[in-house]
Amino acid sequence: MPDKMRVVSGIQPTGGLHLGNLLGAILRWVRMQDEAQCLFFLADLHALTVDVDPKELAANVREMAAALIASGIDPARSILFQQSAIPAHSELAWILQGTARWGWVNRMTQWKDKAGKNREGSSVGLFTYPVLQAADILLYKATHVPVGEDQKQHVELTRDIAIKFNTDFDVDLFVPPEPFIGGGTAARVMSLRDGRSKMSKTDPSEMSRIHLTDSNDEIAQKIRKAKTDPDPLPADPAGLDGRPEAKNLVGIYGAVTGESVEQVLGRFAGQGFGAFKPALAEVLVGLLQPLRGRLDEFRRDPAELDRLLADGSARAAELGAPTLAEAYRAVGLPR
Ligand code: TRP
């Protein structure tokens, strides 16, 4: 591990976790722990930029934290914490609002997508969301931020803010972060009913997704009923073009076993879904059954979860405090 590599990443605490969350983001974080010093947090302040139900938010924070640990985020090796437990995130975000330019933020495509046609009615926080994200990253002097495509622009904005702040105030305080492609490939998991739309907790069909809490029988049944086509699996990835459902199931298999699409096809080429589906169900059960067991333990002992998060927050707070103090001093507000 290069010793100066520090990863910071946040995830919004959504409820109803499913296979898409696990394979798309969480398992990648788990693997990153071998490559860098990692800080992972529940971005609950970011969740306030859209309408929230206070009871749900609290429950979702717990659910997501439990899922992260159950999936393999090691709270001893990595620092796992809740963003809102550390006021320095909000404080630094405000300081950076003086540095970030309106025009830069206004170019963010995520804001345009999320606000949609209702810009006038969307929260100010939804607009300044990436400035808080920059604070999350710069507070801990992250060298690398794992990016999904949709977040790349926010990391670039963070770099611009870091460089402008350092230049304007003639300090060498913030580290412009790089996007990080480590942790192996993330699978973009699609609906089991329609290979062209993302697996989503808001899809009305329960059969479209696999929840982290589904029983072994439910998992097997959902895979058995997953939409496919009548052709056998091809020998190489190009043969999956135009077959979104087949591509999705092969992608899921590889994401679970850590194999590439080529490797999976190498084993199943020429076989139909009658053979492939039970094999897929088996690896999924192998992944999810132990995970479910650990989730149950946290459900029985929520105090343990709170203790782990409090410990992570204390460590993160200590790490971030000097950066915030220096930022205050740089702008002429001594600490
Ligand atoms: N915006 C990120 C997302 O929706 C979550 C996030 C918040 C984040 N702060 C961050 C990611 C800091 C990386 C670094 O996925």
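All values below come from the heavy atoms of this structure, side chains included, with hydrogens, waters and symmetry mates left out. Counting starts at 1 for both ligands and their atoms, in listed order.
Checked options K225, K222, E245; the residue passing with L192 is K222 (criterion: side chain to side chain contact (heavy atoms under 4.5 Å, CB included)).
Close approach of ligand 1 to S9 is summarised as follows: ligand atoms under 4.0 Å from at least one heavy atom of the residue are 11 (C), 13 (C), 14 (C). Within the listing of ligand 1, atoms 7 (C), 9 (N) sit less than 4.0 angstrom from a heavy atom of H46. Every atom of ligand 1 is numbered from 1 in the order shown, and the set under 4.0 Å from a heavy atom of V145 is 13 (C), 14 (C). Remark: ligand 1 atoms within the under-4.0 Å shell around heavy atoms of I137 are 12 (C), 14 (C).
Looking at Q151 next to ligand 1, an N or O pair under 3.5 Å apart turns up. Considering backbone and side-chain atoms alike, Q133 places an N or O below 3.5 Å from some N or O of ligand 1. Inclusion of D136 in the set of residues having an N or O under 3.5 Å from an N or O of ligand 1 is warranted.
In this structure, the side chains of Q33 and V7 stay at 4.5 Å or more apart for every pair of heavy atoms. D236 places none of its side-chain heavy atoms less than 4.5 Å from the side chain of V261. Contact check for V145 versus F180: no side-chain heavy atoms found under the 4.5 Å cut-off.
Using modelled atom types, one finds no donor on one side chain facing an acceptor on the other under 3.5 Å when comparing T14 with Q12. Using a 3.5 Å distance cut-off with no hydrogens or angles, the side chains of R292 and N216 do pair a donor with an acceptor. There is a side-chain donor-acceptor pair under 3.5 Å between T109 and Q153.
Scanning all protein heavy atoms for the shortest distance to atom 4 (O) of ligand 1 gives Y129 OH, 3.1 Å.
Nearest to atom 13 (C) of ligand 1 by heavy-atom distance, out of A47, A43, G10, is G10.
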